[in-house]
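Beneath this line is the structure, given in structure tokens, with notes to follow.
Predicted model only: the values in this text are computed from it and were never measured. Each ligand, and each atom within it, is numbered from 1 in the order the structure gives.
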Amino acid sequence: MEGSARREGAPVTAPTEQGGRLAGPLSTSVANLCRRLQPQVSPRTAAGFSEVLRRLGAPLQVAVAGRIKSGKSTLVNALIGRRVAPTDVGECTRLVTRFQYGTVDRIEVVFTDGRKQVLPFAPDGMIPAELGVDIDDVSHIEAYLTNAVLQGMTVIDTPGLGSLDAASVSRTEQLLGAARASEEDGTDEEPGSDELDETSRNAVAGAEAVLYVVTQGIRADDQQALAAFTAATASREAGPVNAIAVLNKADTITPESVDGSGGDVWKAASLLAEKQAATLKPRVADVLPVIGLIAESAESGQFTSADADALRKLAALDDDILEMMLISADMFTSWECDVPAGVRVRLLEKLDLFGIRHGIDAVRAEPEITAGGLRRRLLDASGLAAVRARLGTVFAARADGIKAAAALASVTALAHASGDPAERQRVHDAIEVLLAKPEAHQLRLLEALTLVASGAVDMPEDLSEEVLRVGSNAELPAQLGKPSDTPRADLATYALERAGWWRSFASFGATPAQSRVAHVVHRAYFLIWQQLREPSGGAR
Ligand SMILES: Nc1nc2c(ncn2[C@@H]2O[C@H](COP(=O)(O)OP(=O)(O)O)[C@@H](O)[C@H]2O)c(=O)[nH]1
Ligand SMILES: [Mg+2]
């Protein structure tokens, strides 16, 4: 791309804690577009572009969304590897908290008027559940943590986007927007950002990707909840490109309630997750089962050697007694036994009954197992590794495309908000020029995918599935819907065949809107075919 891509070390934005690195070539071209346009637009739009530039240089913004009590904060802690977000109760669970990378651990309360106040961590290292300030004046909380995970993404914990009442949805949406407006540290280094008005702010506000947390009780209206996320992502639809869903609390599923589970909790969870994926399609590609609570305890140092000792003692009990105790939480804590009731309550809080049983089984299978070994067993049982892997392949690998697309959406929204038709046209033209470049094809594909996934362009089901497959997979065989060990020559033949098919569909079979999508898909197949023809493994 233009030579400036090489010099991306040069500060694109005011220096931030994130270091302002662009995610890749697509982000770089959008950044260049913003910089080129800045002198040609009104000061207010230009200020908006500065915001877009700053955002492009920050890690991917991932919002964790879902109903209240679906276990969002628990999962956030598991992902960060530190129990820092309060769960369950307390006023903090009603606020948006942004977890971002910082060189020193620090929490700030940001007030609606822009004021900030540093907050001490609670003695247990968490964000205090009660803030000691008037919560009605609070916009959101910023948590800067040294945890490495956050170098790759900023995690936004939300109170309850998608909860049933509209008021709480809109509060979350607003907070996500407001959070954006004052997220930067050292604002004064950024000339012009003060000129940002509300409309412009909203135009660049919001998360870029979403981790959607559902539980067993998913209903049709969770579709609505997913749609509600749109407003929080700067009017960009959440689709399979930038949304991942997990079925949390897999441990609480009664396997008997799921046909074909054979009484196995994890099997039941997988079956249920598949069903939910069908309900949530095409907004998410699939749904991964996970046990956030066990993941959190295993990953954040909550599971201690004292807990391991307690599990060992429990493992020594008679089967009959143990079975009785594991019937319910009440039975488990109230039964007479050597392990003090307080210790059992703690175990229950950290692992719940499923985790306790799993731990006991692990001890019985391997009596010499260490506390560390047990912790790893529990982590394995939580399903977190698969979620992490998915975050990596979906979000990390696509951060460039996701960020660039979100930035373009913001740029368009800013131009619209300006109310100046000439300015709007200028921006529009510049975007068209950018999108016409071959290297921007990935952006076009993401756009086409989003149009199809959101239903904005109607496609026969098999075709929309194909668009989703080509657009939302990272590996070539998966893009083509073929097993990963398919010979390259076969893949190439197939890609070429589909390229031809989509080209004729674009010309003959399609509506104008379908035709636009079809051209993009044709080109995608063609590029895949080109890659497959390259002698060495250009596939990755
Ligand atoms: N059994 C079980 N409980 C969980 C799990 N994840 C979270 N919880 C519990 O669910 C409650 C609500 O969790 P929280 O993370 O605060 O939900 P949020 O409102 O979505 O942030 C807490 O008591 C958690 O301990 C899980 O995977 N299994
Ligand atoms: Mg919460």
Side-chain angles (χ1 to χ4, degrees), residues 63-80 82-99 124 126-131 135 140-141 143 155-165 168-169 171-172 175-176 210-218 222 225 229 245-255 265-266 268-269 272-273 287-300 302-303 326 328-330 332-333 345-359 378-387:
V64 181
R67 288 173 193 283
I68 288 167
K69 294 245 177 295
S70 54
K72 297 179 295 294
S73 302
T74 307
L75 205 57
V76 165
N77 289 334
L79 286 170
I80 298 176
R82 174 167 164 181
R83 193 162 149 73
V84 62
T87 53
D88 232 358
V89 286
E91 54 189 20
C92 267
T93 64
R94 292 192 277 134
L95 293 172
V96 166
T97 308
R98 298 168 40 85
F99 296 93
D124 54 6
M126 297 181 71
I127 295 172
E130 306 297 325
L131 299 180
I135 191 166
H140 66 284
I141 298 173
V155 180
I156 307 167
D157 189 11
T158 67
L161 192 68
S163 58
L164 283 172
D165 62 307
S168 114
V169 170
R171 184 171 154 80
T172 300
L175 285 167
L176 278 171
V210 61
L211 175 63
Y212 196 69
V213 182
V214 296
T215 51
Q216 182 171 15
I218 193 176
D222 259 315
F229 177 77
V246 296
L247 167 60
N248 193 27
K249 305 196 181 184
D251 61 317
T252 62
I253 292 165
T254 325
V265 168
W266 203 254
L272 216 70
V287 180
L288 295 174
V290 70
I291 306 173
L293 181 64
I294 297 181
E296 180 196 51
S297 299
E299 274 298 75
S300 65
Q302 293 296 298
F303 181 79
L326 290 175
S328 72
D330 273 353
F332 182 73
T333 46
V345 170
R346 208 182 60 211
L347 266 186
L348 204 56
E349 279 170 4
K350 293 180 187 177
L351 302 177
D352 213 343
L353 288 173
F354 179 86
I356 292 169
R357 184 188 287 276
H358 193 86
L378 289 166
L379 184 62
D380 289 347
S382 74
L384 186 70
V387 176

Subject >> Nitrogen or oxygen atoms of Leu293 and ligand 1 under 3.5 Å apart >> reply: yes
Original post:
Using a distance-only test with no angle check, is there a side-chain donor-acceptor pair under 3.5 angstrom linking Ser70 and Asn248?
Top reply: no
**OP:** Just jot down the ligand 1 atoms closer than 4.0 angstrom to any heavy atom of Asp352, in number order.
**Re:** 1 (N), 2 (C)
Original post:
Minimum heavy-atom separation for Trp266 to Ser382, with atom names?
Top reply: CH2-O, 3.7 Å
Original post:
Nearest to atom 27 (O) of ligand 1 by heavy atom, Gly383, Ala329, Gly292: which?
Top reply: Gly292
**OP:** Determine the minimum heavy-atom distance between Thr254 and Gln216, stating which atoms define it.
**Re:** N-OE1, 4.5 Å
**OP:** Could you list the atoms of ligand 1 found under 4.0 angstrom from a heavy atom of Ile291?
**Re:** 27 (O)
Original post:
Which atoms from ligand 1 have a heavy atom of Ser73 less than 4.0 Å away?
Top reply: 15 (O), 21 (O)
Subject >> Val290 N/O to ligand 1 N/O under 3.5 Å >> reply: no
Subject >> Metal site the Mg ion (ligand 2): N/O/S of Ser73 inside 2.8 Å >> reply: yes
Subject >> Nearest non-hydrogen partners of Glu296 and Thr87, listed with the distance >> reply: OE2-CG2, 4.2 Å
Subject >> Option from Thr97, Thr158, Val213 for which side-chain contact (heavy atoms from CB on, under 4.5 Å) with Val64 holds >> reply: Val213
Original post:
Do Asp157 and ligand 1 have an N or O pair less than 3.5 Å apart?
Top reply: no
Original post:
Residues two or more places apart in sequence or in another chain: which of them pass side-chain contact (heavy atoms from CB on, under 4.5 Å) with Asp330?
Top reply: Ser328
**OP:** Select the closest option to atom 8 (N) of ligand 1 among Lys72, Lys249, Glu349, judged by heavy-atom distance.
**Re:** Lys249
Original post:
Which atoms from ligand 1 have a heavy atom of Thr252 less than 4.0 Å away?
Top reply: 1 (N)
**OP:** Decide yes or no on side chain to side chain contact (heavy atoms under 4.5 Å, CB included) for Leu379 and Glu299, but give the supporting numbers first.
**Re:** CA-CA 7 Å; Leu379 184 62; Glu299 274 298 75; 3.6 Å; yes
Original post:
Atoms of ligand 1 less than 4.0 Å from Asn248 heavy atoms?
Top reply: 6 (N), 27 (O)
